[in-house]
Amino acid sequence: MKIAVTYENGQIFQHFGHTEQFKIYEVSDGSIISSEIVDTNGNGHGALAGFLLSHQVDMLICGGIGGGAQQALAQAGIKLYGGASGDADAAVNAYLSGSLAYNPNVQCNHHGHHHEEGHSCGNHSCGH
């Protein structure tokens with residue numbers, strides 16, 4: 001199984017659509033057997049689901065994520081654990097031990113930047 005985490009400086013990056021790196025973990029028999037950091041090469045939002053699919057990722061741990069990206073991940077068959085924060089390695093180990101704190105109803109939470117044309121964050125109030 002492969003687990004991807006939105007990644008920045010060892011931490012879970014908090015906006016899926018703007019992540020520049022993922023840390024991808026190879027897991028077998030409940031243990032991490034390897035990991036690598038991969039650059040998204042400028043892919044954003046919906047394109048990131050395809051990026052993860054091309055890396056054979058089975059599940060994603062991230063911070064905030066919008067409704068459109070959630071749908072793209074679901075269509076790609078990638079299980080989502082959003083609303084997580086903190087150390088990326090610790091989050092994967094918490095998932096493996098059954099104690100990962102996440103929000104199954106997470107929505108995009110990116111106050112402070114303007115929405116791009118065609119961007120869908122689901123139903124929330126950004127103040128824009």
Side-chain angles (χ1 to χ4, degrees):
M1 173 170 71
K2 285 190 179 180
I3 300 171
V5 179
T6 52
Y7 190 79
E8 183 178 61
N9 298 322
Q11 300 294 304
I12 298 169
F13 186 69
Q14 290 301 300
H15 190 329
F16 172 79
H18 289 271
T19 193
E20 294 180 6
Q21 295 180 320
F22 289 102
K23 189 165 185 182
I24 300 178
Y25 301 80
E26 180 77 35
V27 174
S28 181
D29 296 323
S31 298
I32 298 168
I33 57 174
S34 68
S35 65
E36 66 175 327
I37 297 169
V38 295
D39 291 326
T40 63
N41 300 317
N43 287 309
H45 291 99
L48 289 172
F51 177 88
L52 292 173
L53 193 58
S54 73
H55 285 83
Q56 294 95 37
V57 167
D58 300 294
M59 65 167 282
L60 170 70
I61 297 172
C62 68
I65 184 169
Q70 289 180 27
Q71 290 175 348
L73 289 169
Q75 289 172 348
I78 298 171
K79 188 157 178 61
L80 172 64
Y81 291 84
S85 62
D87 182 80
D89 294 345
V92 173
N93 283 312
Y95 168 78
L96 294 173
S97 70
S99 62
L100 177 65
Y102 71 100
N103 177 357
N105 299 311
V106 68
Q107 283 295 316
C108 183
N109 186 15
H110 50 111
H111 301 263
H113 85 272
H114 297 285
H115 289 172
E116 295 82 13
E117 285 294 314
H119 177 74
S120 171
C121 289
N123 296 322
H124 74 291
S125 174
C126 272
H128 296 291

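In this structure, the side chain to side chain contact (heavy atoms under 4.5 Å, CB included) partners of Gln56, at least two apart in sequence or on a different chain, are Lys2. Asp39 pairs by the side-chain hydrogen bond (donor to acceptor under 3.5 Å, both in side chains) definition with Gln21, not counting sequence neighbours. Partners of Ser97 under the side-chain hydrogen bond (donor to acceptor under 3.5 Å, both in side chains) rule, at least two apart in sequence or in another chain, are Ser99. For Ala101, there are no side chain to side chain contact (heavy atoms under 4.5 Å, CB included) partners at least two apart in sequence or on another chain. Legend: residues meeting side chain to side chain contact (heavy atoms under 4.5 Å, CB included) with Ala91, ordered by chain and number and at least two apart, are Ile12, Ile61, Leu100.
Two different hydrophobic clusters hold Leu52 and Val27 under the rule that ILVMFWY side chains link at heavy-atom gaps under 4.5 Å. Tracing side-chain contacts under 4.5 Å through hydrophobic residues (I, L, V, M, F, W, Y), one reaches Val57 starting from Val106; they form part of the same cluster. No path of Ile, Leu, Val, Met, Phe, Trp and Tyr side chains, each step under 4.5 Å between heavy atoms, connects Val38 with Ile3, placing them in separate hydrophobic clusters. Both Leu48 and Ile78 belong to a common hydrophobic cluster when Ile, Leu, Val, Met, Phe, Trp and Tyr are linked at side-chain heavy-atom distances under 4.5 angstrom.
Here the side chain of Gln11 pairs no donor or acceptor atom with the backbone of Thr6 at under 3.5 angstrom. Between the side chain of Gln70 and the backbone N or O of Leu80 there is no donor-acceptor pair closer than 3.5 Å.
For residues 59-72, no pair satisfies salt bridge (Lys or Arg N to Asp or Glu O under 4.0 Å), with sequence neighbours left out. The salt bridge (Lys or Arg N to Asp or Glu O under 4.0 Å) contacts involving residues 90-100 comprise nothing, where partners must be two or more places apart or lie in separate chains. Judged as a side-chain hydrogen bond (donor to acceptor under 3.5 Å, both in side chains), the pairs with a partner in residues 82-96 (not counting sequence neighbours) are, in order, Lys23-Asp89, Tyr25-Asp89. For residues 55-80, the set of pairs meeting the salt bridge (Lys or Arg N to Asp or Glu O under 4.0 Å) definition, not counting sequence neighbours, is empty. The ring pair (Phe, Tyr, Trp, His ring centres under 6.0 Å) contacts involving residues 52-72 comprise Phe51-His55, where partners must be two or more places apart or lie in separate chains.
Minimum heavy-atom separation, Ser28 to Ile33: CB-CD1, 4.0 Å. Between Val5 and Ala88, the shortest heavy-atom distance links the atoms CG1-CB, 3.8 Å. Closest approach of Thr40 and Phe22 over heavy atoms only: CG2-CE1, 3.6 Å. Looking at every heavy atom in both residues, Ala4 comes nearest to Ile24 through CB-CG1, 4.2 Å.
Through direct or indirect side-chain contacts shorter than 4.5 Å among Ile, Leu, Val, Met, Phe, Trp and Tyr, Ile37 is connected to Tyr7.
Residues Phe13 and His18 have side chains in contact (heavy-atom distance under 4.5 Å, counting atoms from C-beta outward). Under the 4.5 Å side-chain criterion, counting only non-hydrogen atoms from C-beta, Phe16 is in contact with Leu60.
Atom CD of Glu26 sits in a crowded spot, with more than 12 heavy atoms from other residues, nucleotides or ligands closer than 6.0 Å.
Put simply, CE on Met1 and CD1 on Ile32 are 10.0 Å apart, with the number rounded to the nearest 0.5 Å.
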